[in-house]
Amino acid sequence: MDLFKKYPVSISNTLSGKKEKFEPLNPPFVGMYSCGPTVYSEVHLGNLRTFTAFDVVFRYLTHIGYKVRYVRNITDAGHLTNDAGEGVDRIEERARLEQLEPMEIVQKYTIGFHEVCRIFNILPPTIEPTATGHIVEQIEMVKKIIENGYAYEVNGSVYFDVNKFSEKHKYGELSGRNIEELMDGSRALNRQDEKRNPIDFAIWKGVPPNHIQRWPSPWGEGIPGWHLECSAMGTKYLGKQFDIHGGGMDLKFPHHECEIAQSVGAYGIAPVRYWMHSNMLTVNGEKMSKSKGNSFLPHELFTGSHPLLTKAYAPMAVRFFMLQSHYSSTLDFSNDALNAAEKGYRKLMNALDALKELNHPKTTAINESLKNDLDRLVDECYLSMSDDFNTAKTLAVLFEMSARINDFKSGNQDLGAIDSNTFTHFKNTYINFIQEVLGLREDNAQDEQLLNGLIQMLIDIRKKARTDKNFALSDEIRDDLKAMGVQLKDGKDGTIDYEIE
RNA sequence: GGUCUCGUGGCCGAGUGGCUAGGCAGAGCUCUGCAAAAGCUCCUACAGCGGUUCGAAUCCGCUCGAGACCUCCA
């Protein structure tokens, strides 16, 4: 039986505001889209939280047997910072600043983004389309919206007519807004404004002659509107209606709201069945963002070079830190929290190493209650993840499992007291959840071999010293290693393990 | 100003009507040549006030506090 049938997934659908049973349109296939980065500068940790959240969704759905097509875009076409045609195009701005062609900027930061994803063990999506690679699709979509009467052209730009749209459809359903309030909230149009209504938004924007990024269109040279790419590419690769659309909370309005309007305006059907929004990473209670100047860059984390950090943190400790909270809650970023996460992460990984070394011996007398306990833990891993991808709850279960693992390792508990099927199931679940579902892995894998050899050598010397009762020497070796951050651990049976701090 | 969210033990964070979250820190015990690790035990909270209920951290109301969106942002 497929795991997704045994452990049905529920998702907090931000469209309905309720937790709903997840039923894909065409099981076992799942279509999932999440908004990727605009590649005009380095991604920061806040961005990474969202990518990590949907990485785990992708991983888990895949793990339980769904065939997931996961589309995450790269926004490499510049967009004006507001729809009135004022403001700046960030990619264009950056290009002028660095004296580069916009596509050089885009290339540079796309590569940087991929590098960071690799470091944080964020899997590549199954399709990673770019906005500039889908100008044709976007133009076609604009045409359809015009044909359907929901957009109008002014001076080479095309605007979505929100008022017209709302005569037949709902606008603001996702973000819980109504048009009247939005009108009140927006400033009045000035004389130069091309829009009929302040809440209309550009789906194609004509650009002045000095603008570098530009594409020909039926309305003249210009750039696509900034909400349009997701609609066009989502439709192209996932269909007019697909299962899951994710993104950060701050994209809910206007970005996702506009996506819905465009898709309905073009195809007459709601594009997404389950909307998921991940919450913000905060610093001292405030949203981490570039504009607030409180963002952390990945390399500042690895090197500990940020003024608010007391030390460097490994990427996997940070990933673990993010998984310790639910994606829909805000998560506060601090040294103390990171320190705690680092230790918790190590504990989990130590148990993982121990478990990999464990093999089931001959079964002796079966301990029923132990067997039931292990089966329950396996079950709870799945139930927790199926409950709206509750990674925090899942980690709590994994910690319980690690205690059982350490019992087996130390001999506190006899492995023979359970049958080998139970053990294999337990073992596979622990390994799979940590590595595949949560995407946690050992850091520093490259240097490990060399280091392992060196330390092993010292361990052998120390073993001899202890056999000779030369404790002065054995302690010296242990203490000197400790000073360098290598902690030796003497086992009951004379084996010596170590841990790098 | 409008809309909305949140306020959990020393810290971080799950939990949305009754049953122990978990991690980190702290205390103790076991194991151990010592140390570390590990296991076990303890520290048992839900912003304040009122209400609903047999029973509320969980539902309702008010108060206080924090934050988000309404402009680009994951």
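Protein chains get the first letters and strands the later ones, always in sequence-line order, with residue 1 at the start of each.
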Could you identify which residues of residues 242-253 of chain A place a heavy atom less than 4.0 Å from some atom of RNA chain B, listed by residue number, or say none? G247(A), G248(A), D250(A), L251(A), F253(A)
Over all strands shown, is L331(A) touching base, sugar-phosphate only, or nothing at heavy-atom distances under 4.0 angstrom? sugar-phosphate
Strictly by Watson-Crick or wobble contacts shorter than 3.5 Å, is anything paired with C34(B), and which nucleotide is it? none
Which sits closer to the 5' end of RNA chain B, R462(A) or Q487(A), going by the nucleotide each is nearest to? R462(A)
Gap between atoms CG and P, on D407(A) and A38(B) respectively (whole Å): 12 Å
Spacing of E286(A) atom CD relative to C69(B) atom C1', expressed in whole Å: 15 Å
Between the base of C73(B) and the side chain of K292(A), is there a donor-acceptor distance below 3.5 Å? no
Report the nucleotide, chosen from C72(B), G39(B), U16(B), that has the shortest atom-to-atom distance to any side-chain atom of K19(A). U16(B)
Using the C1' atom in both, what is the distance from G13(B) to A37(B), to the nearest Å? 25 Å
Tell me the interatomic distance from M322(A), atom CE, to A74(B), atom P, rounded to whole angstroms. 14 Å
Pair T132(A)-D76(A), side-chain donor/acceptor within less than 3.5 Å: yes
Please evaluate the base of C70(B) for a donor-acceptor partner in the side chain of R177(A) within a cut-off of under 3.5 Å? no
In Watson-Crick or G-U wobble terms, both distances under 3.5 Å, what is the partner of U52(B)? none
For C43(B) and G23(B), measure between their C1' atoms and round to the nearest Å. 15 Å
Side-chain ion pair, K108(A) and E98(A), N-O less than 4.0 Å: yes
Nearest of A68(B), A35(B), G39(B) to any side-chain atom of R478(A)? A35(B)
With rounding to whole Å, what would you report as the distance between C62(B) and C70(B) at their P atoms? 27 Å
Would you measure the distance from the P atom in C4(B) across to the matching atom in A74(B) and give it in whole Å? 26 Å
Closest contact, heavy atoms only, K195(A) versus D200(A): NZ-O, 2.9 Å
Using the side chain to side chain contact (heavy atoms under 4.5 Å, CB included) criterion, which residues pair with S34(A)? Sequence neighbours excluded. F54(A), Y70(A), R72(A)
Under a 3.5 Å limit on both distances, the Watson-Crick or wobble mate of U16(B) is none
Summary of protein contacts for nucleotides 17-23 of chain B, nucleotide by nucleotide, where a base hit scores B, a sugar-phosphate-only hit scores S (4.0 Å, heavy atoms): ----BBS
Short side-chain donor-acceptor distance under 3.5 Å, Y274(A) and E20(A): no
Distance-only donor-acceptor check, side chains S384(A) and N390(A), under 3.5 Å: no
Could you tell me how far apart N279(A) (CG) and A74(B) (C1') are, to the nearest whole angstrom? 11 Å
For L15(A) and C4(B), what is the distance between atoms CG and C1' respectively, to the nearest whole Å? 16 Å
Would you say C40(B) has OP1 or OP2 under 4.0 Å from some side-chain N or O of R404(A)? yes
Show the nearest heavy-atom pair for residues K287(A) and D250(A), with the distance to one decimal. NZ-OD2, 3.3 Å
Pick the nucleotide of RNA chain B nearest each of S402(A) and L48(A); which residue has the one closer to the 5' end? S402(A)
Rounding to the closest angstrom, what is the interatomic distance between G9(B) and G48(B) at atom P? 10 Å
G176(A) near the nucleic acid: base, sugar-phosphate alone, or nothing, with a heavy-atom cut-off under 4.0 Å? sugar-phosphate
Do the side chain of Y327(A) and the main chain of M322(A) share a donor and acceptor less than 3.5 angstrom apart? no
Taking U52(B) as the reference, what is the distance to U58(B) when you measure between their P atoms (whole Å, please)? 15 Å
Using a heavy-atom cut-off of under 4.0 Å over every strand shown, decide if N390(A) touches base, sugar-phosphate, or nothing. sugar-phosphate
Counting only side-chain nitrogens and oxygens, does N47(A) get under 4.0 Å of the OP1 or OP2 atom of A74(B)? yes
Residues which pass side-chain hydrogen bond (donor to acceptor under 3.5 Å, both in side chains) with K489(A), listed by chain and number, not counting sequence neighbours: E499(A)
Distance alone, cut at 3.5 Å: any donor-acceptor contact between the side chains of Y40(A) and T75(A)? no
Counting any heavy atom closer than 4.0 Å, what does S334(A) reach on the DNA or RNA strands: base, sugar-phosphate only, or nothing? nothing
Any donor-acceptor pair under 3.5 Å joining the side chain of D475(A) to the base of G33(B)? yes
Provide the Watson-Crick or G-U wobble partner of G65(B), both distances under 3.5 Å; none if there is no partner. C6(B)
Would you name the heavy atoms of Q213(A) and D89(A) that are closest together and state the gap between them? OE1-OD2, 4.4 Å
Is the count of non-hydrogen atoms from other residues, nucleotides or ligands lying under 6.0 Å from K311(A) atom NZ greater than 12? yes
Among residues 122-130 of chain A, which contact RNA chain B at a heavy-atom distance under 4.0 Å? none
Nucleotide C70(B), atom C1' - distance to CZ of F201(A) in whole Å: 16 Å
Of the options C12(B), A36(B), G33(B), whose atoms approach the side-chain atoms of F321(A) most closely? C12(B)
Is D387(A) salt-bridged to K393(A), going by a charged N under 4.0 Å from an acidic O? yes
For F253(A), the ring-ring contact (aromatic ring centres under 6.0 Å, His included) test, sequence neighbours excluded, returns none
Using 30° and 60° as the class limits, which term best fits the ring planes of F408(A) and F426(A): parallel, tilted or perpendicular? perpendicular
Of the candidates C73(B), G13(B), A36(B), the side chain of S289(A) sits closest to C73(B)
The Watson-Crick or G-U wobble partner of A45(B), with both key distances under 3.5 Å, is none
Given L174(A), which partner from the list E259(A), E257(A), H255(A) fulfils the side chain to side chain contact (heavy atoms under 4.5 Å, CB included) test? E257(A)
Which base, if any, makes a Watson-Crick or G-U wobble pair with U58(B), both distances under 3.5 Å? none
When rounded to the nearest Å, what value does the distance between P atoms of C72(B) and U16(B) take? 35 Å
Look at all strands and tell whether L398(A) reaches a base, only sugar-phosphate, or nothing, counting heavy atoms closer than 4.0 Å. nothing
When you measure from the side-chain N and O atoms of T38(A) to the phosphate of C73(B), is any distance below 4.0 Å, counting only OP1 and OP2? no
Output the rounded distance in Å from CG (D479(A)) to P (A35(B)). 12 Å
When rounded to whole Å, the CG to P distance for the pair N339(A) and G26(B) reads 12 Å
Take atom P in C46(B) and the same atom in C12(B), then report the distance between them in whole Å. 16 Å
C40(B) - base-pair partner by Watson-Crick or wobble geometry, distances under 3.5 Å: G28(B)
